[in-house]
Amino acid sequence: MNNAQLADIFDKIADLSQLKGESVFVVRAYQRASHTIQTFPTELERYVQEGRNLREIPGIGEAIAKKITELVSSGKLEFYEKLKAEFPEGLLAIMDIPGVGPKTALRLCQELGVNSVADLEQAIVDGRVEQLPRLGKKTADNILRHLRTLGTKERRTPIGQAMRQAQGVMADLRVRCPGIRRLEFAGSLRRYQETIGDIDLVCVAADPQQVIDALAGLPEVAEVLGQGGTKGSVVTKSGVQIDLRVVQGEAFGALWQYLTGSKEHNVLLREHANRLGLSLNEYGVTVAATGAQETFADEVSLYARLGLAYIPQELRQGTRELDTARRNAIPRLVELADMRGDLHVHTDWSDGRAPLEAMLAACAAKGYAYVAVTDHSSGRGIANGLTVERILRQAQEVRAMNGRFGDMRVLTGSEVDIRADGSLDYPEEVLRELDVVVASVHSAMGQAREVMTERIIKAMRNPYVTVIGHPSTRLIGEREPIDADWEALFRAAAETGTALEINASPERLDLKDSHAARARELGVPLIISTDAHSVEGLDAMHFGVGVARRAWCEAKDVVNTKGYDGVREWMRGKRNF
DNA sequence: GCCGTTTTCGGCCCGACTGTTTTCAGTCG
């Protein structure tokens, strides 16, 4: 049983506990455990097998540790089975409808005999729901509306799309409201999560109402969910929810912090504040003893007031960042400016859209010290992969580009298919001629775990393989990752000195954050590359850096933060392994 | 159910908005 499945069960236990009327603290404990498990870098199943103590994980106590052990050893949990049996199966789905929580779901079930979403729809249409005390026509209509769009819209938006949309809306708002003094995005977008639930915007303006109204009036807005004096919430025509919070004055630090979250981080932060005799909300800090209010112009001063080092937004996941900040041990995370080159770039020699020179010119304009040209190998017929003859000719041309783009060094390379049996698409005589070999799985992605794991490890053992490209092959929201023993892959990568890629393309982000974190822990060299197929694609580097930062990576953990000489030296190490 | 620079027991984050209410419960983030 993997962490995602475990987390799902504890999330359901939390929901069921709510229905059962357990105290909110019990519910919260299960929710917290679910979140912790979801983001934990190691599979708990392996953790338990290795005899490690689950209770060392924050948020996991005696009771939940026992439940996890039962789940990973038997695949079942008696407590959960019994709990589930107490309620109709459809009740959890009813609770998934926005606006319907445990209280309402239970009433619908007990007072109207509603046991499924379909039952509920019928009950609303029949007019039975609006007759219940403290519900009413408006509530019933809202539930119906949400119920009917439940299956139709994607729940989360990939970060690339959300980022574009956020920037568009922010530009529009600035034009419409000249009184805006500051406008930033917050939430999961700012934390560089791979998918975004809704876009959170924070704003400082003299006239908050004007900005709220402007948001509601944007042409791309399909529905206004709520509109108050400081807060507006809309859904765009593309189905993305945008929440906007506007304040007057300069007390921006606490607001931005609050809306950046995560929720789990904020809960921990407020608990921490309470222990210091302080109370924290989105306006600032209140000293409990005196009632004195303090505001903060920026986040750094807010964290400092709470006795904490600044916590970069990507680390605000509600895991160990608070403890680390208290010990003043937050590392200096890798930054976009640390990136010295891109080691995975395509041109129109294969399936890229731009010519070689255009790609190189764009890389030079970014100030890179080097770039590797890595078009597809011949196995990718559909991607116009390069035959042996063409790759050797391209390598010649690429080498000849050196000196034409200032100090930027141009490296030869290829993105070589790892075939189903783990062999590579080019013979060694060819690979030997290339500076950078990105080995990637592009076919037979459905192989069984053992086969797939062995296949990739075989590629790592090839001395000419520099890096494994987009290791999981997933496309976010479109294609599931391969099934592989990640722990085994990470150990093999560390042993052979093969880098693993953090593919920065926002539809991939592969390795993902938790995998990158585990790889880093095991000493695997990481390379952040854009896999650009166009000039614009080169701009995706910051998404990859965001993933690396979420994985607590420092510059030293990322190979292509080294200068040209450093990278060459590192690559020589791999060839001699 | 978890947890400890007040504590192994007694606490546990905080506010906005909606819809239904004459003061607030439920939901959400």
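In what follows, chains carry the letters A, B, and so on, assigned in the order in which the sequence lines appear, proteins first and then strands, with residues in each chain numbered from 1.
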Any base atoms under 4.0 Å from K67(A), or only sugar-phosphate, or nothing? Heavy atoms, all strands. sugar-phosphate

Using 4.0 Å as the upper bound for N to carboxylate O, is an ion pair formed by E43(A) and R46(A)? no

Just call it for N274(A): base, sugar-phosphate, or nothing, with non-hydrogen atoms closer than 4.0 Å on any strand. sugar-phosphate

Output yes when a side-chain donor or acceptor of E45(A) lies under 3.5 Å from a complementary backbone atom of M1(A), and no otherwise. yes

Using atom types as modelled and distance alone, determine if a side-chain donor or acceptor of D119(A) lies under 3.5 Å from a backbone N or O of N115(A). yes

Could you work out the separation of dT8(B) and dG19(B) based on their P atoms and round it to a whole Å? 47 Å

As a test of reading the structure: which of dT27(B), dA16(B), dC14(B) is closest to the side chain of N281(A), going by heavy atoms? dC14(B)

Checking side-chain contact (heavy atoms from CB on, under 4.5 Å) between V202(A) and each of R182(A), R190(A), Q257(A), E184(A), which is the one that passes? E184(A)

Could you check whether R491(A) makes a cation-pi contact with W486(A), meaning its NZ or CZ is under 6.0 Å from the centre of the six-membered ring and within 45° of the ring axis? no

Which whole number of Å gives the distance between the C1' atom of dG11(B) and that of dC17(B)? 29 Å

Salt-bridge criterion met for E554(A) and R332(A) (N-O under 4.0 Å): no

Reckon Y283(A) touches a base, only the sugar-phosphate, or nothing at all at heavy-atom distances under 4.0 Å? sugar-phosphate

Sticking with atom C1', work out how far dC28(B) lies from dC13(B), rounded to a whole angstrom. 14 Å

Is D198(A) paired with R156(A) through a side-chain N to carboxylate O contact shorter than 4.0 Å? no

Has the side chain of D338(A) got a donor or acceptor atom that lies under 3.5 Å from a matching backbone atom of E335(A)? yes

Distance check, C1' atoms only: dG1(B) and dT5(B), in whole angstrom units. 24 Å

Is the phosphate of dT27(B) approached by T104(A) (side-chain N or O, under 4.0 Å from OP1 or OP2)? yes

Over how many whole Å does the gap from H272(A) atom NE2 to dC14(B) atom P extend? 13 Å

Of the listed nucleotides (dC12(B), dG26(B), dC14(B)), which one gets closest to any side-chain atom of R28(A)? dC12(B)

Touch check for L280(A), heavy atoms < 4.0 angstrom, all strands: base, sugar-phosphate only, or nothing? sugar-phosphate

Between R508(A) and E194(A), does any side-chain N to carboxylate O distance fall below 4.0 Å? no

Span that lies between the P atom of dT7(B) and that of dC12(B), in whole angstrom: 16 Å

Counting side-chain heavy atoms from CB outward, which of dG1(B), dC13(B), dG26(B) is closest to K263(A)? dC13(B)

Short N/O separations, protein against nucleotides 7-10 of chain B, under 3.5 angstrom:
none

Compare side-chain N and O positions of T139(A) against OP1 and OP2 of dT20(B) and report whether any pair is under 4.0 Å apart. yes

With nearest nucleotide decided by heavy atoms, which residue, G226(A) or G101(A), maps closer to the 5′ end of DNA chain B? G226(A)

Working for ring-ring contact (aromatic ring centres under 6.0 Å, His included), residues Y47(A) and F40(A): CA-CA 11 Å; Y47(A) 203 84; F40(A) 201 68; 5.5 Å; yes

Grab the CE-P distance between M95(A) and dC28(B) for me, whole Å please. 8 Å

Under 4.0 Å between any heavy atoms, over every strand shown, what does G261(A) touch: base, sugar-phosphate, or nothing? Just pick one. nothing

Nucleotide of dG15(B), dC2(B), dC14(B) approaching E282(A) most closely (side-chain heavy atoms): dG15(B)

Does a side-chain N or O of N142(A) approach OP1 or OP2 of dG19(B) to a distance below 4.0 Å, or not? yes

Can you identify which nucleotide, out of dC17(B), dT20(B), dC13(B), has its nearest atom closest to the T230(A) side chain? dC17(B)

Can you tell me which nucleotide in dC12(B), dA16(B), dG1(B) comes closest to the side chain of R245(A)? dA16(B)

Answer yes if the ring centres of H515(A) and F490(A) are under 6.0 angstrom apart, and no otherwise. yes

Nucleotide of dC17(B), dT20(B), dG26(B) approaching K231(A) most closely (side-chain heavy atoms): dC17(B)

Need one value for L276(A): base, sugar-phosphate or nothing, where a base atom within 4.0 Å counts as base even if backbone is also close, heavy atoms only. nothing

For the P atoms, the ones on dG26(B) and on dT20(B), what distance do you get once it is rounded to whole angstrom? 14 Å

What contact category does V100(A) fall into here, base, sugar-phosphate, or nothing, at under 4.0 angstrom with non-hydrogen atoms? sugar-phosphate

Could you tell me how far apart R326(A) (CZ) and dG4(B) (C1') are, to the nearest whole angstrom? 11 Å

Sort out the partner of dT8(B) for me: Watson-Crick or G-U wobble, both distances under 3.5 Å, none otherwise. none

Enumerate the residues from residues 306-317 of chain A whose closest heavy atom to DNA chain B is under 4.0 Å, giving them by residue number; use none for an empty result. none

Can you tell me the distance, in whole Å, between the CG atom of L83(A) and the C1' atom of dG1(B)? 14 Å

On DNA chain B, check which nucleotide each of G232(A) and A29(A) is closest to and give me the residue with the more 5' one. A29(A)

Between dT27(B), dG29(B), dC13(B), which nucleotide has the shortest distance from any of its atoms to the side chain of D198(A)? dG29(B)

Sequence neighbours excluded and cut-off under 3.5 Å, please list the side-chain donor-acceptor pairs for residues 55-70 of chain A, or say none.
residue: T69(A); atom: OG1; partner: A65(A); partner atom: O; Å: 2.8
residue: E70(A); atom: OE2; partner: E78(A); partner atom: N; Å: 2.9

Measure from the side-chain heavy atoms of R134(A) and tell me the nearest of dA16(B), dC14(B), dA25(B). dA25(B)

